[in-house]
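First the structure, in the form of structure tokens, and then the observations on it.
Count residues from 1 along the sequence.
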Amino acid sequence: MKKILKSMLLVCFLIFLSIFTIKVYPVVRSGYDMYRNSKKTVNLDKTIAEVQSRDNYVKLDEVSEEFIKDLIKSEDKRFYSHSGFDLIATTRAMFNNIKLGYFAQGGSTITQQLAKNIYFSFEKRLERKVAELFAARDIERHLTKDQILELYINIIYFGEGCYGIKEASYHYYGVSPSDLTSEQVAALVWTIKSPNNYNPNILSAMSANGI
């Protein structure tokens, strides 16, 4: 019985290894090449300095604490404990995407989303997700968690041409990021998931029409 069990385990391992070699490895290799190419064309320090020089840039302590708390809860619950990527969420998403053969799930951390905004296009490719992992590792080594979070809230898109929480706060509500109400915070955090479909103005119009 033990020999049969060992044989079955060996067969399962060989099947897994074959699948990895045939399907996963080429994607990982291509993603790593994409990451290396991005490093040659994008200077991280220069890009950070450019973002921080913008008129709409805000410091972390100038933003509603509730917004920061809800953002982390929605986008990356283990932000302050991981090293750039959530292993469980990323592994699950990647294997499901590879199995399906197209980009269906995200699983990106805040650091990965920052990496995507700095280094890559928004094209939904499996290779780009792999490239994000390598880039996220570099960002985590280069910046503190609070610096990463501060850059993220200043670079993400909120729909209707708004980049960063300051632009979004004034555009949708006419208030500074520190004066957002709980309802406004919830709407803006939800907007991040799909800015062109869930921004406050669209949700308000849908509500008014009974949708």
Next on the checklist: Once side chain to side chain contact (heavy atoms under 4.5 Å, CB included) is applied, do any residues pair with E150, and if so which ones, sequence neighbours excluded?
Outcome noted: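 Scan of E150 (side chain to side chain contact (heavy atoms under 4.5 Å, CB included), adjacent residues dropped) gives Y57, K59, L60, N154.
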Checklist entry - Among all residues two or more places apart in sequence or in another chain, which pass the side chain to side chain contact (heavy atoms under 4.5 Å, CB included) test with S30? => result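 Partners of S30 by the side chain to side chain contact (heavy atoms under 4.5 Å, CB included) criterion, ordered by chain and then number, come out as E127.
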Could you tell me if [Y] and [X] have a donor-acceptor pair between their side chains, going purely by distance under 3.5 Å?
| X | Y | value |
| --- | --- | --- |
| K193 | S74 | yes |
| S108 | Q113 | no |
| D179 | Y173 | no |

Checklist entry - Can a cation-pi geometry be assigned to K145 and F79, taking NZ or CZ under 6.0 Å from the six-membered ring centre and within 45° of the ring axis? => result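 Satisfied, under 6.0 Å and within 45°.
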Would you compute the distance between atom [atom1] of [X] and atom [atom2] of [Y] and round it to the nearest 0.5 angstrom?
| X | Y | atom1 | atom2 | answer |
| --- | --- | --- | --- | --- |
| L114 | L149 | CG | CG | 10.0 Å |
| K69 | E65 | NZ | CD | 10.0 Å |
| I156 | E75 | CD1 | CD | 7.5 Å |
| Q112 | I139 | CD | CD1 | 10.0 Å |
| S176 | K166 | OG | NZ | 9.0 Å |

What closest approach, in Å, do [X] and [Y] show between heavy atoms, and which atom pair accounts for it?
| X | Y | result |
| --- | --- | --- |
| A135 | A115 | CB-CB, 3.8 Å |
| S169 | L180 | OG-CD1, 3.6 Å |
| T191 | F158 | CG2-O, 3.3 Å |

Item to check | Any pair counted as ring-ring contact (aromatic ring centres under 6.0 Å, His included), so long as it reaches residues 136-157, sequence neighbours left out | outcome: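 For residues 136-157: Y157-Y163.
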Next on the checklist: Testing Q52, K46, R54 one by one against E50 for a side chain to side chain donor-acceptor pair (under 3.5 Å), which residue passes?
Outcome noted: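 Among Q52, K46, R54, the one that satisfies the side chain to side chain donor-acceptor pair (under 3.5 Å) with E50 is R54.
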Next on the checklist: Test salt bridge (Lys or Arg N to Asp or Glu O under 4.0 Å) on D86 and K77; report intermediate values, then the result.
Outcome noted: CA-CA 9 Å; D86 187 324; K77 295 177 182 178; over 6 Å; no
Checklist entry - So do the side chains of E140 and I148 get within less than 4.5 Å of each other, counting heavy atoms only? => result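 Side-chain contact under 4.5 Å: yes.
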